[in-house]
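Below, chain A is the first sequence line, B the second, and so on; all start at residue 1. What you see below is based on every heavy atom in this structure, not just the backbone, and it leaves out hydrogens, waters and symmetry mates. Keep in mind it's a predicted model, so treat the numbers as computed, not measured.
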Amino acid sequence: MSNPIKSASAELREILMSALGRLVSEGKIEAVPLPSFNVEIPQDKSHGDFASNIALACAKPLKSAPRKIAELICEALILEGTSFERVEIAGPGFINFFLSRNWFSGVVSVVLFEKEKYGRTDTGAGKSILVEFVSANPTGPMHIGNARGGAIGDGLSSVLDWAGYRVEREFYVNDAGNQIEKFGKSLDLRYCQLCSDDGQALVKQYSDTEALSQAIYNDTEKFPMPEDVYLGADIIVHARNFYSENGADLMNKPEEERKEALVAFALPKNIQKLEDDLRKYRIEYDTWFRESTLHNSGAVSEVIELLKNSGHTYEQEGALWFKSSDFGDEKDRVLVRANGVPTYFVPDIAYHYNKLVTRGFDTAIDILGADHHGYVPRMKAAMEALGIDPNRFNAIIMQMVRLVKDGETYKLSKRSGKAVTLETLLDEVPIDAARYFFNLREANSHFEFDLDLAIEQSAKNPVYYVQYAHARICSIIRNLAAEGFSIRKLSAEQMSVLDSPEEVELIRHIASLPNTVDSAARDYDPSRITRYSQELATLFHKFYDKCRIKGAEEPLLYARLSLCDAVRITLRNTFEILKIDCPEKM
RNA sequence: GCGUCUGUAGCUCAGUUGGAUAGAGCGUCAGACUCCGACUCUGAAGGUCGCAGGUUCGACUCCUGUCAGGCGCACCA
């Protein structure tokens, strides 16, 4: 696993340090503690491939003008045998470095050698990370927010995997507590409605379950529902299916028993549906973790004891409180209500305790909607109270999605039961487009999803643009192979004919994939990868436009063909990270 | 009111630990295929980085204040 940029950068630091060392030993500069300095990639390519502010940083301790120091350093530099061939002093005292041709041709060789592994790094050093995402309530269908969370969570998991972490994907199934109560109550109400005279009349009228459900859903006069239940038509469908299989017998049983039977009937179907929808979205979880297991194993009551023992709880008005304000949370939180029932917070603490202690992951990441952002400080507080480093728990907050079609906003309302579901979205736009679009912007930005653009098959659509680049390369390679020119291994010497600005730019960008993976992993931001792939596609198209491959002189032809293959591999690897199709023809 | 996130070109957005003349796509205008896939490429116009201070060699980036918008602020989850 090599990283051409990182190794060049490290090499450059060495070169600079040894130059300083020589200056000190020759008595040309004073021996002072080395200040921290940068080696970075300038935005403007005319400023070289790397630039260092070392002379500016040394100005103060050496009490000398930055440019003067820069000149001394440059005189002491030894570039022979390194990846660099030239330096320049610029501006207030920056030292700009230019990479050698050998370095550029080396990049292509590395990519052709590492193939599908190119871009992977070992930065994570095998540390384990649990990424929990989507975790939609199993009481109903998934919405657009879950779609964004799914793409980001899965993309982030891939990025972390590529950066050398041991990653597991997890879905937390809220199959216990109040939501399930509410689910049971809703199912029971609908079931009772179906068994009523009005319901029976409709059952006879409609043979189609969907139509029947819609009729009942629409008729709020005959089939009223209280405020605090799920109104969606999917609830009626469950009730209807249960009725079809079991009839009205349950009406003679107590309400609690009915609810239990209905939940036992509907919940597994909903969970299965979540799995199916997410698999269709190309998300495969390592674990579907059930909240109920935390209750059954006693982990929930255990964590209450642990918190009590920590000394950060107190009782007030009959309830048990967690003094989360001890750890910077804005106020304290109730753990156990006056009626003796724990709040949702307790199983959640038990769950995160399970992640970090019981299962021992080094880090746990949650992908959360912005409406849950207030939840982060209290969970960090709970972890700290339990003696866990709160930095091992991280939350990615993602802002709300605005769906736009025909220039207008699609408003999604949970209440109406007519929210845009993940399923609807995937019916409207290709999976590639959905996954790519949701990773176009960083999580923490308000995102506008343009449905028209996602469907459009043109260069305006970024996902088509990048896939087209890949198909185009494959076509070139096919064409040349048909004429007897296949990719062959070239020496550094033969490869060094690639020196036009377009070729150099392209190679430079190819070289930065490992770095991009690292920075995406470091900042938990998979959107770096989509932007990288677009830039790569653009640079390839520019190269293609300027540099002919077919018909070029032979050494150049083979070098350019190798470059094409390197681009193809690099592009394909970014698609692999994002799990989108890699078409060889379109 | 408190907390939190976001304000960068007409629109959608980049800008990696503070660096050199603030970038891209779309849109607009003007161009490029008898030639490897034109689903492509080239060029032009377009900016007080919300506003005001501060920190320093240097600020879109850090700090303070302020304005506008999103999202929260339960013994709901």
[Y] six-ring centre to [X] NZ/CZ under 6.0 Å and within 45° of normal:
X: A/Lys380; Y: A/Phe327; answer: no
X: A/Arg86; Y: A/Phe98; answer: yes
X: A/Arg378; Y: A/Phe322; answer: no

Select base, sugar-phosphate, or nothing to describe what [X] touches, counting heavy atoms under 4.0 Å on all strands.
X: A/Asn53; value: base
X: A/Glu584; value: base
X: A/Ala469; value: nothing
X: A/Lys585; value: base
X: A/Cys564; value: nothing
X: A/Asp329; value: nothing
X: A/Arg522; value: sugar-phosphate

Taking atom [atom2] of [N] as reference, at what distance in whole Å does atom [atom1] of [X] sit?
X: A/Glu535; N: B/rU16; atom1: CD; atom2: P; result: 15 Å
X: A/Arg67; N: B/rA20; atom1: CZ; atom2: C1'; result: 12 Å
X: A/Ile477; N: B/rG37; atom1: CD1; atom2: P; result: 12 Å
X: A/Lys542; N: B/rC36; atom1: NZ; atom2: C1'; result: 20 Å
X: A/Leu453; N: B/rC39; atom1: CG; atom2: C1'; result: 13 Å
X: A/Asn146; N: B/rA77; atom1: CG; atom2: C1'; result: 14 Å

- prompt: Can you list, by residue number, the residues of residues 373-383 of chain A that have a non-hydrogen atom closer than 4.0 angstrom to RNA chain B?
  reply: A/His373, A/Arg378

Polar atom pairs (N or O), protein with nucleotides 13-15 of chain B, under 3.5 Å:
residue : atom : partner  : partner atom : Å
B/rC13  : OP1  : A/His446 : O            : 3.0
B/rC13  : O5'  : A/Arg441 : NE           : 3.4
B/rC13  : O2'  : A/Arg441 : NH1          : 2.9
B/rA14  : O2'  : A/Arg531 : NE           : 3.4
B/rG15  : O2'  : A/Gln43  : NE2          : 3.3

message: Strictly below 4.0 Å, N to O, side chains only: are A/Arg528 and A/Glu442 in salt-bridge contact?
response: no

query: Do NZ/NE/NH1/NH2 and the carboxylate oxygens of A/Asp545 and A/Lys542 come within less than 4.0 Å?
result: no

- prompt: Would you say A/Asn174 reaches B/rA77's phosphate, i.e. side-chain N/O to OP1/OP2 under 4.0 Å?
  reply: no

task: Would you write the dot-bracket representation of RNA chain B, where each base gets (, ), [, ], | or . depending on whether it forms a Watson-Crick or G-U pair under 3.5 Å and with which partner?
output: (((((((..((((.....[...)))).(((((.......))))).....(((((..]....))))))))))))....

Rounded [atom1] spacing from [N] to [M] in Å:
N: B/rC35; M: B/rG47; atom1: P; answer: 40 Å
N: B/rA22; M: B/rG15; atom1: C1'; answer: 8 Å
N: B/rG54; M: B/rA59; atom1: P; answer: 12 Å

Set of residues satisfying salt bridge (charged side-chain N to carboxylate O under 4.0 Å, His left out) with respect to A/Asp175, sequence neighbours excluded: A/Arg290

message: Tell me every residue that passes salt bridge (charged side-chain N to carboxylate O under 4.0 Å, His left out) with A/Glu448, counting only those two or more places apart in sequence or in another chain.
response: A/Arg402

message: Taking A/Glu291's backbone N and O only, do any of them form a donor-acceptor pair with A/His295's side chain (distance below 3.5 Å, no angle check)?
response: yes

All N/O pairs under 3.5 Å across the protein-nucleotides 26-32 of chain B interface:
residue : atom : partner  : partner atom : Å
B/rG27  : OP1  : A/Lys460 : NZ           : 3.1

query: For the residue pair A/Trp321 and A/Tyr314, does the interplanar ring angle fall in the parallel (under 30°), tilted (30 to 60°) or perpendicular (over 60°) class?
result: parallel

message: Between the base of B/rG19 and the ring of A/Phe94 - centre-to-centre under 5.5 Å, planes within under 30° - is that a stack?
response: no

